[in-house]
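Let me begin by presenting the structure, written as structure tokens, before commenting on it.
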Amino acid sequence: MMAALLTPLERWFGRIALGTSLVLVAGKVLLTGALVTSSIGAGLCLIAAVSANVSRKRRRFSAQRENPVSGLPNFEALRSQAPFGSATVVAAKLVNFEDLAAFLPGEGSQQLVDQVARRLALACHGTRLHHDLDGSFAWLVPYYQHSQIEGHLAGLAALFNAPLTIGELRIDVAIAFGVNDEFEGSNAQRLAAALVAAEKSIRTRALWTKYTPRQKEDAGWQLSFHSQLEDALAGGDIWVAFQPQYEIATRRLVGVEALARWTHPTRGPIPPDEFIVQAEKSQDIYRLTLFVMDQAIRSAAHLRARGLPANMSVNLSATLLDHSDLVGTIRVMLTAHHLPPETLTIEITETAQIENSRQARQTLAQLRRTGIRLSIDDYGTGQSNLEYLTEIEADEIKIDKRFVMTMRDSQRNFEVVKSTIDLAHRLGAVAVAEGIEDAPTMALLEQLGCDVGQGYHLGKPQLFSELANNLLASPHSRTA
């Protein structure tokens, strides 16, 4: 029995134990026939005890590598396999799996998983399907089938176009795939990479996404984002650009927008959308916003002292409206630089949801009582409903540049711009058009009665020193 417990023979333990027991019984029968007394009870008890212990160990080991819902091997079993080698790892994620699991009554979750597993099994090509508790699945595709992956995933997506029937319910299920075909890395790393790609497919609403080395670099950058942001703020890699805004009818300078910029020492210029979204995820958006706010208020005070009382606009993430000390901090900045509150405009992006409506409304009310102007930024790309306009009693509405830049070529976008201008005026707000790239667009906006314009045709985002020099060089520079 000790020999049977050795690693090379362990998988044959059951047969060895049974064979040993039969040999003992046969030996006792033969010895009894030869009138020889023998005792095998203790030996059989030992075999039974060891077998029970081995069976219990195997069940525990199996439970650790088996999904209790589907009965399929889990991701731990997949990670413990021999190295994947040239095989491609494919991961599949159910969109909103947690919502589905919470909604389905009784054994609905079990039926959901069973039906999804049956459909996915069609693409496993002889390899085992693995299932994790968060609604994720994964399998391996042999190297010689790499060229067929895209077709197989498209076929699977077509299977999920049909709803699942669970009891009396018909459930629509969306699924997204991630693919990792790199040969480097451990099993755990390659599986994790495929899951990251699947998550990206969900965010981008793509059928499938292949994990790339660029994503690996981005993941490393995101994991150290907080410390890199700290270094960038201290080292001057994050700076503020200023873009002028002009009254369309008179071509007179009426405002400036402060825009955050990041020039990374190795990655180069990082798109604002990329690092601002990451700052919101890592809770660094508050410090970043205060940095931009301070620079903007300081610059507005400088222009005012030079005889250019232009309004200064600063973007504010809607997530920051939950900070109870936000208004007080802005007041301190305004007082420190002797800038009237009405000179500052805070732009709130329409694409962001106001999570804590009670605190958000209190913050918005405090900002208005202070005298600070409010603006809805990127209007037309987010909620786009009257409820949002009632939550934010805006002094101005900024039309998203995607509509402005294409309004001469698209009748629909022209109507969006026209109706937004009319809506702003009916609400007593100023209509601001972003993304003015040429003179014909400027002329068309003037015909529609748009109040303020902003874009490369009027002035690019630039360092404050450049903006101040251009504006102060000549009185004529104050008009576009």
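All of these numbers come straight from a predicted model, not from anything done at the bench.
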Which atoms form the tightest heavy-atom contact between [X] and [Y], and what is the distance?
| X | Y | result |
| --- | --- | --- |
| Ala188 | Arg79 | CB-CD, 3.9 Å |
| Leu129 | Ala117 | CD2-O, 3.6 Å |
| Thr343 | Ala310 | CG2-O, 3.5 Å |
| Phe242 | Ala296 | CE2-CA, 4.2 Å |
| Asp325 | Tyr286 | OD1-OH, 3.3 Å |
| Val179 | Ala197 | N-CB, 4.0 Å |

Side-chain contact, heavy-atom cut-off 4.5 Å: [X] with [Y]?
| X | Y | value |
| --- | --- | --- |
| Glu347 | Val314 | no |
| Ile421 | Val417 | yes |
| Leu120 | Phe160 | yes |
| Trp139 | Val141 | yes |
| Pro461 | Tyr456 | yes |
| Ile171 | Pro163 | no |
| Asp377 | Asn315 | yes |
| Leu195 | Asn180 | no |

Sidechain-backbone polar pair: [X] side chain, [Y] backbone, donor-acceptor under 3.5 Å:
| X | Y | answer |
| --- | --- | --- |
| Thr420 | Ile399 | no |
| Arg190 | Glu182 | yes |
| Ser136 | Asp132 | no |
| Gln189 | Asn187 | no |
| Thr363 | Leu321 | yes |
| Asp294 | Leu290 | no |
| Thr345 | Leu374 | no |

Starting at [atom1] of [X], measure out to [atom2] of [Y] and round the result to the nearest 0.5 Å.
| X | Y | atom1 | atom2 | result |
| --- | --- | --- | --- | --- |
| Ile285 | Gln283 | CD1 | CD | 10.0 Å |
| Arg118 | Leu159 | CZ | CG | 12.5 Å |
| Glu446 | Ile248 | CD | CD1 | 7.5 Å |
| Ile297 | Ile330 | CD1 | CD1 | 6.5 Å |
| Asp181 | Thr88 | CG | OG1 | 5.0 Å |
| Ile202 | Thr209 | CD1 | OG1 | 9.5 Å |

Please determine which of Ile372, Thr370, Leu364 meets the side-chain contact (heavy atoms from CB on, under 4.5 Å) test together with Val327. Thr370

Apply the test side-chain contact (heavy atoms from CB on, under 4.5 Å) to residues Ile175 and Leu156: give CA-CA distance (whole Å), side-chain angles for both, the deciding distance (0.1 Å), then the verdict. CA-CA 9 Å; Ile175 195 164; Leu156 272 175; over 6 Å; no

Would Leu467 and Leu471 count as a side-chain contact (heavy atoms from CB on, under 4.5 Å) if you check the C-alpha gap in whole Å, the side-chain angles of each, and the deciding distance to 0.1 Å? CA-CA 6 Å; Leu467 176 68; Leu471 295 177; 3.8 Å; yes

So Phe137 and His131, would you call those rings parallel, tilted or perpendicular, with 30° and 60° as cut-offs? parallel

Classify the ring geometry of His302 against Phe464: parallel below 30°, tilted from 30° to 60°, perpendicular beyond 60°. perpendicular

Would Arg252 count as a cation-pi partner of Tyr246, with NZ or CZ less than 6.0 Å from the six-membered ring centre and within 45° of the ring normal? no

Have [X] and [Y] got a donor and an acceptor in their side chains that come within less than 3.5 Å?
| X | Y | value |
| --- | --- | --- |
| Gln228 | His264 | yes |
| Gln462 | Asn470 | yes |
| Glu247 | Thr250 | yes |
| Gln454 | Glu257 | yes |

Full working for side-chain contact (heavy atoms from CB on, under 4.5 Å) between Val240 and Arg261: CA-CA 6 Å; Val240 180; Arg261 294 291 184 264; over 6 Å; no

Would Glu415 and Lys418 count as a salt bridge (charged side-chain N to carboxylate O under 4.0 Å, His left out) if you check the C-alpha gap in whole Å, the side-chain angles of each, and the deciding distance to 0.1 Å? CA-CA 5 Å; Glu415 294 296 338; Lys418 180 182 177 181; 5.0 Å; no

For a salt bridge (charged side-chain N to carboxylate O under 4.0 Å, His left out) check, start with the C-alpha distance between Arg373 and Glu396, then their side-chain angles and the critical distance, and finish with the verdict. CA-CA 8 Å; Arg373 301 174 72 247; Glu396 70 175 35; 3.6 Å; yes

Quick check, are the ring centers of His130 and Phe75 under 6.0 angstrom apart? no

So does Glu150 pair up with Lys210, basic N to acidic O under 4.0 Å? no

What's the verdict on salt bridge (charged side-chain N to carboxylate O under 4.0 Å, His left out) for Asp378 and Lys401, showing C-alpha distance, side-chain angles and the deciding distance? CA-CA 7 Å; Asp378 297 334; Lys401 62 183 179 181; over 6 Å; no

Decide salt bridge (charged side-chain N to carboxylate O under 4.0 Å, His left out) for Glu274 and Arg267; before the verdict, give the C-alpha distance in whole Å, the side-chain angles of both, and the deciding distance to 0.1 Å. CA-CA 12 Å; Glu274 183 177 333; Arg267 296 169 59 93; 3.1 Å; yes

Derivation of the side-chain contact (heavy atoms from CB on, under 4.5 Å) call for Ile346 and Leu367: CA-CA 9 Å; Ile346 289 182; Leu367 289 171; 3.9 Å; yes

Working for side chain to side chain donor-acceptor pair (under 3.5 Å), residues Asn413 and Thr406: CA-CA 7 Å; Asn413 289 349; Thr406 57; 2.5 Å; yes

Identify all side-chain donor-acceptor contacts of residues 425-438 below 3.5 Å with residues at least two apart in sequence or on another chain.
| from | atom 1 | to | atom 2 | distance (Å) |
| --- | --- | --- | --- | --- |
| His425 | NE2 | Asp451 | OD1 | 3.4 |
| His425 | NE2 | Asp451 | OD2 | 2.8 |
| Glu434 | OE2 | Lys398 | NZ | 3.2 |
| Asp438 | OD1 | Thr441 | N | 2.9 |
| Asp438 | OD1 | Thr441 | OG1 | 2.6 |
| Asp438 | OD2 | Arg408 | NH2 | 3.2 |

